[in-house]
Structure formats: structure tokens, C-alpha cells
Peer 1: 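Before I ask anything, here is the structure I am working with.
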Amino acid sequence: MRIPILPFENVLVASIQVDLTDQDTLQFQHDVLQKVDETEAEGLVIDITALDVVDSFMARVINETAQMARVLGAEVVLCGMQPSVALTLTEMGRQLVGVETALNLDQGVANVQRLVTEREGGHEQHAA
Amino acid sequence: MCSGSSPKERAAMNNTQLELRVESDVVAARQTGREMARELGFGVADQTRLATAISELTRNVIVHAGEGVCRIYDRSDAQAARVQVVAEDKGAGIPDIEQAMAQGFSTGGGLGAGLPGAKRLVQEFDIESEPGHTKVTIAITKPRVRVA
Ligand SMILES: Nc1ncnc2c1ncn2[C@@H]1O[C@H](COP(=O)(O)OP(=O)(O)OP(=O)(O)O)[C@@H](O)[C@H]1O
Ligand SMILES: [Mg+2]
């Protein structure tokens with residue numbers, strides 16, 4: 001099971017299209033981080049429109065992937081979470097997913113670009 | 001047991017047993033539970049709650065006990081639609097259930113959000129455990145709308 005991870009301008013877009021086993025999920029984490037590293041992408045958008053279950057394992061992997069991607073220099077936005085998935089995650093426990101979210105892919109890309117710009121702005125202020 | 005049949009075919013029977021051995025069995029169990037909930041008239045939010053709870057319980061069986069079974073029953077009657085799910089294993093058991101049910105407790109590096117989270121998603125939640133046997137039973141219920 002390989003999930004396509006496509007470059008779009010200065011960011012990467014990964015779209016999960018099918019229900020994943022835990023092994024598939026970890027493989028995806030590995031692949032996406034490797035790609036962020038290789039391409040020196042400034043942002044990563046993970047599209048989970050097709051996921052109808054996000055349980056505590058998936059939540060943990062998403063959080064860890066976002067943390068590690070940030071260490072590699074990429075801002076992360078999660079997009080396309082189904083309303084019933086968002087509801088279920090909230091009911092299970094607040095802050096199970098600690099990643100910025102967006103409604104759809106367009107907004108996800110826009111938000112990640114904004115985060116990248118904000119970060120660069122922050123750096124310049126530091127240098128000044 | 002029901003290998004070869006789809007979640008849809010399994011859900012069409014009013015009770016189904018799935019062996020839990022490999023990770024893809026977790027996916028099959030949650031999809032079957034969702035399908036049965038859908039067929040019994042539960043909405044998408046309830047389908048998702050049940051599927052997520054099943055995912056937590058069946059993964060716990062595989063991760064913490066190695067293997068086990070998941071049974072999914074249609075327990076509907078004239079008053080209510082009801083799906084009951086049992087996840088059972090012959091593993092080491094849970095020494096302290098209260099501790100295991102606490103948010104954030106994990107012996108395996110997880111978030112420790114599985115059991116307490118699953119409990120919040122369903123109307124009925126029961127857990128029994130002793131060395132060599134753990135059984136978690138959950139159910140979702142939806143009263144039938146009466147036409148006056
Ligand atoms: N079937 C089981 N057999 C033995 N121990 C279990 C079983 N299910 C749960 N446990 C114990 O209960 C603890 C809490 O379970 P819970 O699902 O809440 O968290 P977790 O599985 O450790 O992490 P996660 O948040 O990824 O689910 C586990 O760490 C484990 O010690
Ligand atoms: Mg668990």
C-alpha cells in the first residue's frame with residue numbers, strides 16, 4: 001500500500017485514499033518524512049478525506065508525523081477530516097489530534113503557505 | 001471464520017464472528033460493525049463512533065494479547081435498534097481495570113486513549129478481565145421512532 005505524495009509548489013500533498021492498517025499507517029509516516037527530507041519541502045498537507053475512522057493509533061501517528069516534519073523544516077496542515085470523524089475524536093478526548101486542520105485541500109494548501117510565510121517572517125525579525 | 005466475505009456480507013448476517021490475528025482483521029472488524037450499524041438505521045455519527053470503538057478494542061486484543069475474536073450482534077428489538085460487539089482474548093489480562101480505564105494510562109507506549117475513549121463513544125461498556133481471559137462488551141442503541 002503506497003500513498004501518493006505529490007509536490008505542489010514548495011509543499012508536499014499526501015492524500016490518503018483508503019482505510020489503512022497500522023502497518024500501512026507507519027509505512028506512510030516513513031515515506032512522507034523521507035520525502036519531506038529529500039525535497040526539503042517547506043510544508044506538508046495531509047488529506048484524510050477518505051478516512052472514515054481516525055482512532056487513537058492514527059491520531060498518535062498523525063501527531064508524531066507532524067512533529068517530525070516540523071523538525072525537518074516543514075509546516076503541517078491536516079485537511080478533509082469528515083465531520084463525524086472530528087466529532088468522534090472530540091468525544092474520545094480533547095486534543096487527540098494536535099495538528100492545524102483545514103476544511104479541504106485548497107484551504108489546506110493556503111493554510112500551510114501562510115504558516116510558512118509566518119515562520120519566515122519570524123526568522124527575519126530574529127535576524128534584525 | 002468468515003474469510004472471503006465482505007464487510008457488507010458479514011453485516012447482513014445478524015451475528016458475525018471475526019478472528020483477530022493480524023492488523024487487517026482490525027480493519028475488517030470496524031468496517032463490519034459500521035456496515036451493521038448502517039443497515040440498522042444508525043446515522044453516520046453513530047456508525048463512526050462504533051467503528052472507532054471497535055478499532056480500539058480489536059487493536060488492544062492484537063497488541064496486548066496477541067490474538068482473539070470479535071463478535072458483532074444485531075440485538076435490535078421492537079423498541080430500539082442495538083448493535084452489540086464483544087472483543088475477547090486469552091491473553092495475560094488487565095491487572096488493574098480502573099487504572100487501564102484512566103485517560104493516558106498505557107503499558108505499551110500508546111496514548112492510553114483507547115479504552116477511555118471507546119467508553120465515551122458508546123451507550124454500553126463492560127469490561128471483565130482475569131489472567132488468561134479478557135472480554136470487553138460494548139453496544140450502541142437507538143430508540144425506534146414511534147409513529148403516533
Ligand atoms: N485485551 C487486553 N489484554 C491485556 N491488556 C489490555 C487489553 N486491552 C487493554 N489492555 C491494557 O490497558 C491499557 C490501556 O489500554 P488503552 O487502549 O486505553 O491504551 P493503549 O492501548 O496502551 O494505547 P492507545 O491509546 O494507542 O490505545 C493498555 O496499555 C494495556 O496495558
Ligand atoms: Mg489501545
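Note on naming: letters A, B, ... go to the chains in the order of the sequence lines (proteins, then strands), and numbering restarts at 1 for each one. Keep in mind that what you see is a predicted model, and the values were worked out from it rather than measured.
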Peer 1: Is there side-chain contact between B:T48 and A:V85, with heavy atoms separated by less than 4.5 Å?
Peer 2: yes
Peer 1: I'd like to know if B:M36 and B:V86 are part of one continuous hydrophobic network [Ile/Leu/Val/Met/Phe/Trp/Tyr, side-chain heavy atoms within less than 4.5 Å].
Peer 2: no
Peer 1: Going from CZ on B:R49 to CG on A:L87, what distance comes out if it is rounded to the nearest 0.5 angstrom?
Peer 2: 5.0 Å
Peer 1: Which heavy-atom pair separates A:V53 from B:T52 by the least distance, and what is that distance?
Peer 2: CG1-OG1, 3.9 Å
Peer 1: Does anything in residues 56-67 of chain A pair up under salt bridge (Lys or Arg N to Asp or Glu O under 4.0 Å), and if so which pairs, sequence neighbours excluded?
Peer 2: A:R60-A:E64
Peer 1: Would one find more than 12 heavy atoms of other residues, nucleotides or ligands at under 6.0 Å from atom CD of B:E98?
Peer 2: no
Peer 1: Are A:I62 and A:V109 connected into the same hydrophobic cluster when the rule is that any two of I, L, V, M, F, W, Y join if their side-chain heavy atoms are below 4.5 Å apart?
Peer 2: no
Peer 1: What part of B:Q31 is in contact with chain A, defined as an atom under 4.5 angstrom from a non-hydrogen atom: side chain, backbone, both or neither?
Peer 2: side chain
Peer 1: Would a hydrophobic clustering, with Ile, Leu, Val, Met, Phe, Trp and Tyr connected at side-chain separations under 4.5 Å, put B:I54 with B:F42?
Peer 2: yes
Peer 1: Side-chain heavy atoms nearer than 4.5 Å, only ILVMFWY residues, links allowed to pass through others: does that put B:L57 and B:I140 together?
Peer 2: yes
Peer 1: Examine distances only and state if a side-chain atom of B:E23 and a backbone atom of A:Q23 form a donor-acceptor pair shorter than 3.5 Å.
Peer 2: yes
Peer 1: If Ile, Leu, Val, Met, Phe, Trp and Tyr residues are connected whenever their side-chain heavy atoms lie under 4.5 Å apart, and connections chain through other members, are A:M58 and A:L26 in the same group?
Peer 2: no
Peer 1: With chain A as the partner chain, list the residues of residues 115-132 of chain B whose heavy atoms fall under 4.5 Å from it, by residue number, and write 'none' if nothing qualifies.
Peer 2: B:G117, B:A118, B:R120, B:L121
Peer 1: Quick one: pull up CD1 in B:I62 and CG in A:D22 and give me the separation to the nearest 0.5 Å.
Peer 2: 8.0 Å
Peer 1: Any donor-acceptor pair under 3.5 Å linking the side chain of B:R59 with the backbone of A:D55?
Peer 2: no
Peer 1: Does the B:E56 side chain pair with the main chain of A:S56, one donor and one acceptor, at a distance under 3.5 Å?
Peer 2: yes
Peer 1: Heavy-atom distance under 4.5 Å to chain A: side chain of B:V44, backbone, both or neither?
Peer 2: both
Peer 1: How many angstroms lie between atom CG of A:D24 and atom OG of B:S24, to the nearest 0.5 angstrom?
Peer 2: 9.0 Å
